[in-house]
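Contents: one structure, followed by commentary.
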Amino acid sequence: MRGSGALASTVFVAVVLSLLIFVDQAAGRGGRRGGKGKGKSNLHFSQVAEFSLIQMQLTDNRSAQIITGSHFSQTFRLGYKQVLICKAKGDPRPTIKWYKEGAEIHLRPNIHFYEKPLPDNVMWSKLEIDPATMGDQGIYACVANNKWGVMAKNFKADYTY
């Protein structure tokens, strides 16, 4: 039984990432590029997938579940800090990974991750980008995973001047 749960988790992560890539490709078609003009965005709300929470049928209440996080639509000021927060629970305590446009985010000089295990098998995670640039606009995902299941929460981040 444990093997089928791991396979379902792997398949689910692949589906989530495929959907994120689809959203990225859809956002790349049409529309203006370059974000010229104050308050203009490359991302149109209608182009962002309608799911801010994706979850498979929870066959086991031990499955990774995102219990709270930042608001779906985020606006950050260029040159300032952009922060996204995600909190998940499960048994065992889930791991949390961050993705942008379907690709896992790796540390860079301006990107930092903070994690804090909390009581009751809860994991708190924060993604911090400082200073944020135009290139940091996009669709982000927090993906919580344990051996019983996977859950993702998407965030749309746009910049302002």
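- Note that CG of Asn145 and OG of Ser63 are 8.5 Å apart. Values are rounded to the nearest 0.5 Å.
- Between Phe76 and Gln137, the shortest heavy-atom distance links the atoms CZ-N, 3.8 Å.
- Atoms OH and NZ, on Tyr140 and Lys156 in that order, are 13.5 Å from each other to the nearest 0.5 Å.
- Residues satisfying the side chain to side chain donor-acceptor pair (under 3.5 Å) criterion with Arg93, sequence neighbours excluded, are absent altogether.
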- Item | Residue pair Leu78, Tyr161: steps toward the side chain to side chain contact (heavy atoms under 4.5 Å, CB included) verdict | CA-CA 6 Å; Leu78 294 177; Tyr161 296 95; 3.9 Å; yes
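- Remark: His106 NE2 to Lys100 NZ distance equals 13.5 Å, nearest 0.5 Å.
- Remark: side-chain polar atoms of Asn146 are paired, donor with acceptor, to backbone N or O of Ala64 under 3.5 angstrom.
- Residues Gln82 and Ala157 approach most closely at NE2-CB, 3.2 Å, considering heavy atoms.
- Judged purely by atom type and a 3.5 angstrom limit, Glu101 uses its side chain to pair as donor or acceptor with the backbone of Ile139.
- The CG atom of Asn110 lies 7.0 Å from the NE2 atom of His112; values are rounded to the nearest 0.5 Å.
- Residue pairs meeting the disulfide bond (SG atoms under 2.5 Å apart) criterion with at least one member in residues 69-161, sequence neighbours excluded, are Cys86-Cys142.
- In the hydrophobic cluster analysis, where Ile, Leu, Val, Met, Phe, Trp and Tyr join through side-chain heavy atoms closer than 4.5 angstrom, Ile111 is grouped together with Ile96.
- The hydrophobic cluster containing Tyr80, built from Ile/Leu/Val/Met/Phe/Trp/Tyr side-chain heavy atoms closer than 4.5 Å, comprises no other residue.
- In terms of heavy-atom proximity, Val143 sits nearest to Ala152 at CG2-CB, 4.0 Å.
- In this structure, CG on Asn61 lies 8.5 Å from NZ on Lys89, to the nearest 0.5 angstrom.
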Please report, to 0.1 Å, the donor-acceptor pairs under 3.5 Å made by any side chain of residues 114-133, with sequence neighbours excluded.
residue, atom, partner, partner atom, Å
Asn121, ND2, Asp91, OD1, 3.4
Ser125, OG, Trp98, NE1, 2.9
Lys126, NZ, Glu128, OE2, 3.1
Thr133, OG1, Gly135, N, 3.4
Thr133, OG1, Asp136, OD2, 3.3

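- The line from CG of Leu107 to CZ of Phe113 is 5.0 Å long, rounded to the nearest 0.5 Å.
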- Task: Could you please spell out the steps behind the side chain to side chain contact (heavy atoms under 4.5 Å, CB included) verdict for Leu84 and Gln74?
- Result: CA-CA 9 Å; Leu84 295 172; Gln74 297 286 313; 3.5 Å; yes
